[in-house]
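Order of the sequence lines sets the chain letters (A, B, ...), proteins ahead of strands, with each chain counted from 1.
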Amino acid sequence: MVIAPEHASVETLTTVDQKSDVDAYVAAAASKSDRDRQDEKTKKTGVFTGSYATNPVNGKPVPIWIADYVLATYGTGAIMAVPAHDTRDFEFAKQFGIEVIPVVSPPKDHDIDLNRLAAGEVCFVGRGTAMNSGQYDGIATDEFKSKITISLSEQGVGSEAVNYKLRDWLFSRQRFWGEPFPILHELDEEGNKTGLLKAVDAADLPVDLPEIEDFKPHGRPEPPLEKADDGWLYPVIDGKKYQRETNTMPQWAGSCWYYLRFIDPKNDQVFIDSELEKQWMPVDLYIGGAEHAVLHLLYARFWHKVLFDRGHLQTAEPFNRLVNQGMILGDVEFTGYQTEDGSWVSVDQITEDEDRNPVSPSGESLTSVKVEPDDVEKDGENFVLKSDASIRIDSRAYKMSKSRGNVVNPDDIVSNYGADSLRLYEMFMGPLEQSKPWSMNGVSGVRNFLDRVWRMVIDKDQEQPVLHSAVVDIDPTDEQTRTLHKTIKAVSQDIGSLSFNTAIARMMEFTNFFTRQDHRPKSIMESFVLLLSPFAPHIAEELWLTLGHENSLAYEAWPKFDEALTVDSTVEIPVQIMGKIKSKIVVARGMSKDDLLATAKADPKIMALLEGKTIRKEIAVPDRLVNIVAN
RNA sequence: GGGGAUGUGGCGGAAUUGGCAGACGCGCUAGAUUUAGGAUCUAGUGUCCUUACGGACGUGCAGGUUCAAUUCCUGUCAUCCCCA
């Protein structure tokens, strides 16, 4: 058995002989972080308590050890080790010479060495059948687990438990900005705390922060709220004097349930009206940074479930769908490394010293140097210096940070390119959930697109915005109509799947098409402006007004598409021979397999290539391709 | 250590069910236009071979399944993010 160094029973279990060793070990463990303690690269440490437990199944004595790889805050803080079948337990047992008894026999097809397993020399972590387990021998692992649990609970020496992976949570902060805890400490005649606590009466909730001049931390352990006026700090209730709790709650206190309060923010009776909750909850789509994927989601969901279990909410789950947007990194940078005398060292030659500083193979310390893109070229898989192709250069985008100096200030982008460009670029960069590097060239690219949209609708040569002479009130051609309907369909679908980058690409294609058209029907331009409006609201609104509307486009319905108008009547189909494209044929949409094959074989190029060959197989997929296997 | 994700041109990326790899944008090249620059327009742009026609190769790497693989399977390498 192994217990955590912080376990409550450490003192009682430690024998006189072992006391000094145990005390020293517990003190050392206290200075290590949980993560260090669980790091499997570091050697397992531990100390024997001198005591033994009795195995309730076979009555044998089991030595009780203390080791810091067991965490007090996780589960019960004590484990029954199974060294033959858990890598951490195995390492621990090996290191301290504890007996390793295999109790799970691997499945037949497993390639583990059975003799070494029997001898306790290897560890097997998979499932199998029980061995060395008395009456349970031969039973499959899963079945064994449930049988032994039942047996132990029947004997009254154990029971099944669900272990929630939520650790204890420190929920107080010593700073001003935070919700005050609605808790009162009773004071005696001299003003000392009696130790009795009282919750603030429900009628007096919520407890607001007091108005105080100086709310900065003062360097002492007492929270800044200690500096509040006596009127706030020392309420008197029924003749008894109290002191308010002066710790405040962390940000979590708000972020865990704000989505509920936002639905009903002015309600002073309850935190959310149940009718409104029914109407709005659960949240349809929650978009947040990847760091929320575990923490915020875990806590917010925990709070929500507590409120639900307590009957304050009717929805068991807070969020229907969670999307974590990726991080925007800085511009891609090229980094080379130089010795003190300025000579370059190739990136693949570099190692790190103990302080993680780069060093050359000969041990010289190196400085990293930013290399201009013009001085770098691609050589096979790697980037190298143009001046010396043997010097490899690092190429990557880093997280934006002040120290690296690669922070992009959105205000600068707004003033140089406009808010629409910033917004559009962020959506055009790539998939929402992916982290991706910033690129100033990319920003000017989307700005370019917006300029092209502007010139598609508006006469650039006039002082005031007036319609381009090509934008006229006429009926669109079939091709124009199809282009519009295809664009509406694609943009609508892409928005639904949050694929904003491809939605924008489709609008660019639309613009490329219509800037070549001598006549651009006004109705089509109007539909397009509506499609663009969620992406670039400012320019869209401006175009909408210039197209002759008095009200904001915000009141307009989203454009609809006609499925029949999104497909062309003919399709171009590749014709392959042996899986390689040899020709293309244009056929009516929906042409049958047989007709496709016949058309393909009538194609002059294909005919020539099939000359004198035997056709082994013919594959035709309508509207897709033809493949003829022949030799 | 645990958990999550990603590898496609010079760069960001695209490719419902396996079915034309590289949409769209940036960059680059050439031309047009402009007093000039920025801008704009037109054409080209995966790599290699070929005067050309055309051909070979190509989605991290190594295998496999298939008429057909960025997509499916097995193995492997690398990188990034998060950890109360």
Requested in this report: Look at all strands and tell whether A:Arg506 reaches a base, only sugar-phosphate, or nothing, counting heavy atoms closer than 4.0 Å.
Outcome: nothing
Query raised in the report: Counting any heavy atom closer than 4.0 Å, what does A:Asp451 reach on the DNA or RNA strands: base, sugar-phosphate only, or nothing?
Result: nothing
Query - Nearest-nucleotide 5' precedence on RNA chain B, A:Ser439 against A:Arg624 - result: A:Arg624
Query raised in the report: Which is true for A:Lys584 with a 4.0 Å heavy-atom rule: it touches a base, it touches only sugar-phosphate, or it touches nothing?
Result: base
Query - Opposite nucleotide pairing with B:rG31, Watson-Crick or G-U, both atom distances under 3.5 Å - result: B:rC41
Polar atom pairs (N or O), protein with nucleotides 42-47 of chain B, under 3.5 Å:
none

**Report entry** Position toward the 5' end of RNA chain B (nearest nucleotide), A:Asn512 or A:Leu170
**Finding:** A:Asn512
Query raised in the report: Do the numbers put A:Arg423 on top of the ring of A:Tyr425, so that NZ or CZ is under 6.0 Å from the six-membered ring centre and no more than 45° off the axis?
Result: no
Requested in this report: Report which part of the nucleic acid A:Lys605 touches: base, sugar-phosphate, or nothing (heavy-atom distance under 4.0 Å, all strands).
Outcome: nothing
Requested in this report: Report yes or no: is there a donor-acceptor pair, N or O only, under 3.5 Å between the side chain of A:Asn441 and the base of B:rC26?
Outcome: no
Report task. Mind checking A:Arg455 for me? I need base, sugar-phosphate or nothing, with any heavy atom below 4.0 Å counting as a touch. Result -> sugar-phosphate
Under 3.5 Å, N/O pairs linking protein and nucleotides 11-15 of chain B:
{"unit_1": "B:rC11", "atom_1": "OP1", "unit_2": "A:Lys378", "atom_2": "NZ", "d": "3.1"}
{"unit_1": "B:rG12", "atom_1": "O2'", "unit_2": "A:Met429", "atom_2": "O", "d": "2.8"}
{"unit_1": "B:rG13", "atom_1": "OP1", "unit_2": "A:Gln434", "atom_2": "NE2", "d": "3.2"}
{"unit_1": "B:rA14", "atom_1": "OP1", "unit_2": "A:Asn501", "atom_2": "ND2", "d": "3.2"}

